[in-house]
Every structure is written in C-alpha cells, then in structure tokens.
Amino acid sequence: SPRSNDPLDYTTFGELSEVITGNFDVFQSVLSNKKAAIRLMKDLTLVRNPIAHCTVLDQVEQDRLKLMVKTGFKVIMI
C-alpha cells in the first residue's frame with residue numbers, strides 16, 4: 001500500500017540530484033555548491049543500498065558514511 005500521497009517521497013537520490021541540478025536557483029540558499037551537492041548524493045547512493053536492505057556495513061563503508069555526513073554538513077548551509 002502507498003506510504004505517502006506525495007510523489008516526492010518516492011524519489012531516488014539520482015532523481016533528487018536531477019531536481020537539484022534543474023532547479024539550483026531554488027536550492028542555492030541552502031546548498032553551498034551545486035557540484036558538491038550532486039557528488040554527495042552520488043556518494044550517499046553507495047551506502048544507501050546496503051543500509052536499505054539491512055546489510056551490515058563493513059568498517060570502510062562505516063568510515064565512508066561518517067565522512068559523507070561531515071561533508072554533507074559543509075554542503076548544506078545550516
């Protein structure tokens with residue numbers, strides 16, 4: 001059954017990257033750099049799949065995820 005009525009809730013990281021790329025003027029107030037934001041989304045996709053399918057992340061993947069979170073905070077202007 002549907003989890004949401006909002007189609008945005010069903011977008012993938014790749015699709016979100018396309019939304020950001022195509023509408024960066026809307027996102028530039030919260031994202032410091034377009035290319036960095038897109039790269040972060042691609043990197044997150046690498047660790048998203050094992051997490052979503054309840055697979056244990058090995059130490060390298062855990063370290064990569066921690067680095068991505070730190071990078072993410074730099075890309076998102078909070």
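Quick note: residue numbers are just sequence positions, from 1. The structure presented is a predicted model; accordingly, all values stated were derived computationally and were not measured.
Not one N or O on the side chain of Ser32 forms a donor-acceptor pair closer than 3.5 Å with the backbone of Ile76. Looking at Thr45, its side chain does come within 3.5 Å of a backbone N or O of Met41 through a donor-acceptor pair. Here the side chain of Asn33 pairs a donor or acceptor atom with the backbone of Ala36 at under 3.5 angstrom.
Ile51 is connected to Leu40 through a chain of hydrophobic side-chain contacts under 4.5 Å among Ile, Leu, Val, Met, Phe, Trp and Tyr, so both are in one cluster.
Looking at every heavy atom in both residues, Ala37 comes nearest to Leu31 through CB-CD1, 4.0 Å. The heavy-atom pair separating Gln28 from Asp25 by the smallest distance is CG-O, 3.5 Å. When all heavy atoms of Val47 and Leu57 are compared, the pair lying nearest together is O-CD2, 4.4 Å.
Taken from OG1 in Thr71 to CG in Asp43, the straight-line distance is 8.0 Å, to the nearest 0.5 Å. One finds the OG1 atom of Thr21 at 10.5 Å from the CG atom of Leu16 (value rounded to the nearest 0.5 Å). Considering NE2 of His53 and CZ of Arg48, their distance stands at 5.0 Å, rounded to 0.5 Å. Here CG of Asp63 is found 10.5 Å from CE of Met68. Values are rounded to the nearest 0.5 Å.
Heavy-atom contacts from other residues, nucleotides or ligands closer than 6.0 Å to NZ of Lys42 number 12 or fewer.
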Between Arg3 and Tyr10, does a side-chain contact (heavy atoms from CB on, under 4.5 Å) hold up when you go through it step by step?
CA-CA 9 Å; Arg3 297 181 307 250; Tyr10 295 95; 3.6 Å; yes
Verdict with supporting geometry, Ile20 and Val26, side-chain contact (heavy atoms from CB on, under 4.5 Å):
CA-CA 8 Å; Ile20 291 168; Val26 175; over 6 Å; no
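Residues Glu15 and Val19 have side chains not in contact (no heavy-atom distance under 4.5 Å, counting atoms from C-beta outward).
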